[in-house]
Amino acid sequence: RISYLSLVDRPRRCRFRFHNRSTDMSVLSFVLIFSAIVVVVSAQYPKSCVTKDALESGTCCPAAANGDQCGGEGRGECAYLTPSPLPATFHEYKYLKEDERMLWPSRFFDYACRCEWPFAGAACDECEWGYYGADCDTFKVLQRRDLLDPANDDLARRFLLYLTWARGNESDYAVAVTSLDKMWESGTLVPTYTTTNVYNLFSWLHQYTGMDYAEDAVVNYAHGGPAFITYHRYFSLKFERELQKLSGDEDFALPYWNMLSEGRHCSICEDRYFGASDADTGFLVDSVFRSWDATCNIIRYLSDGFVCDPNVGEGPIVRRPGESEAYPTLPTPDDYNLIVDEYGVFDTPPYDQYSESGFRNAMEGRIDPYTMTLSDDKDWMHAQGHSFFGESSTLMKSPADPIFYVFHSFFDQLWETWVKRYGENGTAGFPTEGAALGHNRYEYMIPYFPVVTNDAMLKTSRYYGYEYV
């Protein structure tokens, strides 16, 4: 029986080889080993890996700062990268061969740096989460704190400053403006990558993750399934690391915003934080963010050939907190406590928005915490929080508004509370099979590179070098 596809030649969109199920265990073993070694992402790809030669060879093994490929002996080596294992239900996806995100990242690369612990990154010149220093030999546990606590005013000042620096400084990575098929349209590979600033890099990443391939192919590799939790934990970790590198402040940790105590109010929607908005237009008034154009803000289909150009503004940040008749309030402590008390299992079949029980779907906002039934007419928790803000906080374009980062840092804290309570017995409910593509436990999260599995994000936060206080 066919279990997964492996690309074997360029152009990668055209030619495939089939393997039988007897290879599954060896593939899975390699995935487990590789994901334990490579943790820090470099989204999308290092600039040296988006050349015609690198893409045609399928090799992304850049030189580290010391000039050696993958950091050299003792740090890493260039090694074959097994494609992400596909679940048994993969054939149900209509555009498996066309969607470049499938078998991530083998449509782009077969070889990548495999780093020795505790080195990480695309060139093995970064450190694993929590490790610092030239030799990555210092482990720290940083403290993520409440943004609104007056004792953390300096943290708030630093965070807002680092956000503006992220918007004003170019990232080390390059992102695709068009699909891979579009790059091969002439029959010869024509790379269409661009550089962008650190902040817009993450707006691009979130958009690319959730793009439907076509109008009749609704896919989302970060929402509507188990990877919702793990994807966003990783996303926040990577953003935090980028701000540390940019600022030189390795003790910086993302703050969080406890929205459960707000009700109809939004304390961070003030000019001293993220800015007040005009009652009529929703535009920010006097905030430093008022001049920011939202990027990757328009819903597109990947099959049309265009991803998004993160350097092209697609309208201002528009925020309307509490103005929606349907969502005038934020989630409450009772909403969360009912969910935590009820669900000690992470997820249940069919592992999507129709899962009738399980912590993940309740946190994502598809289960009514008061009836413990699927909610067809109202969003709760995460979805309710996005709906409360409207406009620029709409799901896939939400990173355009910097509120996204304190919002998701808080949801990570709620996830952390649940993990500490239920431990491995709870996370055992993260499926190894049966979920949508990209959402199973040992699949790579799409589109992180170097690769990382969902399973790699299921430990308590101290393992990754941070905790909540």
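What you see is a predicted model, and the numbers here were worked out from it, not measured in a lab. Position 1 is the first residue of the sequence, and the numbers go up from there.
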Check whether [X] reaches the backbone of [Y] with its side chain - one donor and one acceptor, N or O, closer than 3.5 Å.
| X | Y | answer |
| --- | --- | --- |
| Trp418 | Arg360 | no |
| Ser277 | Arg319 | yes |
| Asp347 | Gly358 | no |
| Tyr199 | Trp165 | no |
| Asp455 | Tyr442 | no |
| His439 | Pro431 | no |
| Asp271 | Ala276 | yes |
| Asp401 | Phe404 | no |

Check: Any chance the SGs on Cys60 and Cys49 are under 2.5 Å from each other?
Finding: yes
Next item on the list: Taking the two cysteines Cys115 and Cys124, decide whether their SG atoms are closer than 2.5 angstrom.
Entry: yes
I'd like to know if [X] pairs up with [Y] as an ion pair, taking the criterion as any Lys NZ or Arg NE/NH1/NH2 lying under 4.0 Å from an Asp or Glu carboxylate oxygen.
| X | Y | value |
| --- | --- | --- |
| Asp304 | Arg300 | no |
| Arg158 | Asp249 | yes |
| Arg366 | Asp352 | no |
| Arg144 | Glu240 | yes |
| Asp341 | Arg421 | yes |
| Glu170 | Lys47 | yes |

Just checking, is any N or O donor in the side chain of [X] or [Y] under 3.5 Å from an acceptor N or O on the other one?
| X | Y | value |
| --- | --- | --- |
| Tyr132 | Asp137 | no |
| Glu100 | Tyr208 | yes |
| Thr230 | Asn454 | yes |
| Ser236 | Asp412 | no |
| Thr196 | Asn311 | yes |
| Thr332 | Asp335 | yes |

Next item on the list: For Glu467, check side-chain hydrogen bond (donor to acceptor under 3.5 Å, both in side chains) against everything at least two apart and list the hits.
Entry: Gln143, Arg462
Checklist line | With Tyr231 via side-chain hydrogen bond (donor to acceptor under 3.5 Å, both in side chains) - residues at least two apart | finding: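 Partners of Tyr231 under the side-chain hydrogen bond (donor to acceptor under 3.5 Å, both in side chains) test: Thr209.
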Notebook entry, point to check: How far apart are the C-alpha atoms of Trp104 and Glu443, what are their side-chain angles, what is the distance that settles it, and do they pass the side chain to side chain donor-acceptor pair (under 3.5 Å) test?
Noted result: CA-CA 9 Å; Trp104 185 259; Glu443 285 186 88; over 6 Å; no
Notebook entry, point to check: With a 6.0 Å cut-off on ring centres, are His386 and Tyr327 close enough?
Noted result: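 When the ring centroids of His386 and Tyr327 are compared, they turn out to be at least 6.0 Å apart.
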Note to self: The criterion is side chain to side chain contact (heavy atoms under 4.5 Å, CB included); which residues satisfy it with Phe283, sequence neighbours excluded?
What the structure shows: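 Scan of Phe283 (side chain to side chain contact (heavy atoms under 4.5 Å, CB included), adjacent residues dropped) gives Thr281, Pro316, Val318.
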Checklist line | disulfide bond (SG atoms under 2.5 Å apart) assessment of Cys113 paired with Cys61 | finding: CA-CA 5 Å; Cys113 291; Cys61 293; 4.4 Å; no
Next item on the list: To the nearest 0.5 Å, tell me how far Asn258 CG sits from Asp146 CG.
Entry: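 Between Asn258 CG and Asp146 CG, I get 6.0 Å after rounding to 0.5 Å.
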Checklist line | Non-hydrogen atoms of Tyr405 and Phe202 that approach each other most closely | finding: OH-CB, 3.2 Å
